[in-house]
Protein chains: 2
Amino acid sequence: MAVPRAAKTQRRTRIQEEKEEIILQAALDVFSTKGFLGSTIDQIADVAGMSKPNLLYYFRTKEAMHRVLMDRLLANWLEPLRAFDADGDPREEICSYIRRKLEMARDFPRESRLFANEILQGAPNIEDVLKGSLKDLVDEKVEVIRSWIASGKLAACDPYHLIFSIWSTTQHYADFDVQVRAVLGGNDSDDHRFEAAAQFLENLFVRGLKLGG
Amino acid sequence: MAVPRAAKTQRRTRIQEEKEEIILQAALDVFSTKGFLGSTIDQIADVAGMSKPNLLYYFRTKEAMHRVLMDRLLANWLEPLRAFDADGDPREEICSYIRRKLEMARDFPRESRLFANEILQGAPNIEDVLKGSLKDLVDEKVEVIRSWIASGKLAACDPYHLIFSIWSTTQHYADFDVQVRAVLGGNDSDDHRFEAAAQFLENLFVRGLKLGG
DNA sequence: GTCTATAAGGCGATAGAC
DNA sequence: GTCTATCGCCTTATAGAC
């Protein structure tokens, strides 16, 4: 029997991968609501439906689970921004960016909260990523927005704060979900909330940035 | 010597109040970055510059400190929204609301993060407040916005999502401060960042909501 | 009021049987 | 691979001297 921790070069069996995935999903559940420090291995093991020593057979430490989740997250988190196309129509690009970010908040709220927890606590593990690949990507897209402004397709504005405002408004629906639901009351379905948010934000940014159609 | 825990009806001395204030400031420091669960009394005592038993002489439990901080926060947090005046000019009201919220993010970032931590973790202690006084206040202001829309002073939009978008964009500068700084680089002063954000958001909302002026 | 010492329990991680 | 048992540390909170 291949032992995961001793067989780094060896292919994992399908069953092992499935178990690891169950654990990671449980860890995501717990980390995203309690934060890394506030989570216990017992809680994760409980959600995963296994004993603590059994879980620790697959992931030697709490940090190991968190590291895998953060790596995965960072690999996917910026995809929507990468898709931002300099040759596309500004209105189309910005609207579809907003929509994709809203979809991520709706479909992957735990990932959004995991990220929010990390940033909120000072980003101890990913500060280099923020100052490195994240900043590089943002700087690149800021230049795209500046070129759109220069050619009159977009109202003059600070591109950095434009990006911040799209991030914050969309992620809000995942990170502050409890508050949003409390304020809207129980009568608002998930689908309706999503559509209402999309429509409001699309209008706000199209008009606010003077994006022609 | 009056002992705080035994003298609930007795007036606290000025020195006692000062000590309690030092402790609460230290607790706010730690809670706002580590979250309640991730914080330890040792860390708070360390920041406060006193021993753990000494701290526990003033606040019997970790919860006691957190409760006082949350009570204070909730008492002040909604002041800017309360100031929203139905008889005022919509453009003025919304712009000054944005500015006040941005000032709070700049001047009280720890309070903002304390609140964010609480919501992010499912608002275990304040769900009744969210569904009660918070929802009531928002509902009231939503009606104000609706009346403005009805009289043509404001573009038609969903008032709830308008409020959410102001909350999220302004609080972002406190809650995601580490990310904002990383992306903007070290050359951006606090004042410049604040002014740039205020100007961007003011433009976005004034144009996005078709607020005349 | 503040200290040292410590009780009592939670938690991360390991040992070793099966 | 999974379990029971446990080590050792950390953390909350208290006891009691000063």
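Quick caveat, the model's predicted, so the values are computed rather than measured. What's counted below: heavy atoms across the whole structure, side chains too, no hydrogens, waters or symmetry copies. Chain identifiers are assigned alphabetically (A, B, ...) following the order of the sequence lines, protein sequences preceding nucleic acid strands; residue numbering begins at 1 within each chain.
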When you measure from the side chain of [X], which nucleotide among [options] comes out closest?
| X | options | result |
| --- | --- | --- |
| Pro53(B) | dG1(D), dT4(D), dA5(C) | dA5(C) |
| Glu63(B) | dT2(D), dA5(C), dA13(D) | dA13(D) |
| Lys62(A) | dG1(C), dT2(D), dG12(C) | dG12(C) |

Side-chain N or O of [X] less than 4.0 angstrom from OP1 or OP2 on [N]?
| X | N | result |
| --- | --- | --- |
| Thr40(A) | dC11(C) | no |
| Tyr58(B) | dT2(C) | yes |
| Asn54(B) | dG1(C) | no |
| Gln16(B) | dG1(C) | yes |
| Ser51(A) | dC3(D) | yes |

Write out a two-atom table: protein N or O, nucleotide N or O from nucleotides 6-9 of chain D, distance below 3.5 Å.
none

From [atom1] of [X] over to [atom2] of [N], roughly how many Å is that when rounded to an integer?
| X | N | atom1 | atom2 | result |
| --- | --- | --- | --- | --- |
| Tyr57(B) | dG1(C) | OH | P | 5 Å |
| Arg60(A) | dA13(C) | CZ | P | 10 Å |
| Asp42(A) | dC3(D) | CG | C1' | 15 Å |
| Ile41(A) | dC10(D) | CD1 | P | 15 Å |
| Phe36(A) | dG12(C) | CZ | C1' | 10 Å |
| Gln43(B) | dC10(D) | CD | C1' | 11 Å |
| Leu55(B) | dT4(C) | CG | C1' | 17 Å |
| Leu56(B) | dG1(C) | CG | C1' | 14 Å |

(message) Distance alone, cut at 3.5 Å: any donor-acceptor contact between the side chains of Glu21(A) and Gln25(A)?
(response)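 Per modelled atom types, Glu21(A) and Gln25(A) side chains form a pair under 3.5 Å.
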
(request) State whether a side-chain donor-acceptor pair under 3.5 Å links Gln199(B) with Glu195(B). (result)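 The criterion, which ignores hydrogens and geometry beyond distance, is not satisfied for Glu195(B) and Gln199(B).
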
Pairs of donor and acceptor atoms involving the side chains of residues 167-174 of chain A, under 3.5 Å and at least two apart or interchain, shall be tabulated with distances.
| from | atom 1 | to | atom 2 | distance (Å) |
| --- | --- | --- | --- | --- |
| Trp167(A) | NE1 | Tyr97(A) | OH | 2.9 |
| Ser168(A) | OG | Phe164(A) | O | 3.1 |
| Ser168(A) | OG | Ser165(A) | O | 3.2 |
| Thr169(A) | OG1 | Ser165(A) | O | 2.7 |
| Thr169(A) | OG1 | Ile166(A) | O | 3.3 |
| Thr170(A) | OG1 | Ile166(A) | O | 2.7 |
| Thr170(A) | OG1 | Trp167(A) | O | 3.1 |
| Tyr173(A) | OH | His161(B) | ND1 | 2.6 |

(request) Please confirm whether the backbone N or O of Phe84(B) pairs with a side-chain atom of Lys141(B), one donor and one acceptor, at under 3.5 Å? (result)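 Yes, because the side chain of Lys141(B) sits within donor-acceptor range (under 3.5 Å) of the backbone of Phe84(B).
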
(message) Measuring only between side-chain heavy atoms, which start at C-beta, is Lys62(B) closer than 4.5 Å to Phe36(B)?
(response)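 Side chain of Lys62(B) against side chain of Phe36(B), heavy atoms only: contact under 4.5 Å found.
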
(message) What I want to find out is whether Glu103(B) reaches Arg99(B) closely enough, with some N-O distance under 4.0 Å, to be called a salt bridge.
(response)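 So Glu103(B) does not pair with Arg99(B) through a salt bridge.
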
(message) For a salt bridge (Lys or Arg N to Asp or Glu O under 4.0 Å) check, start with the C-alpha distance between Asp158(A) and Arg193(B), then their side-chain angles and the critical distance, and finish with the verdict.
(response) CA-CA 11 Å; Asp158(A) 187 317; Arg193(B) 187 170 60 253; over 6 Å; no

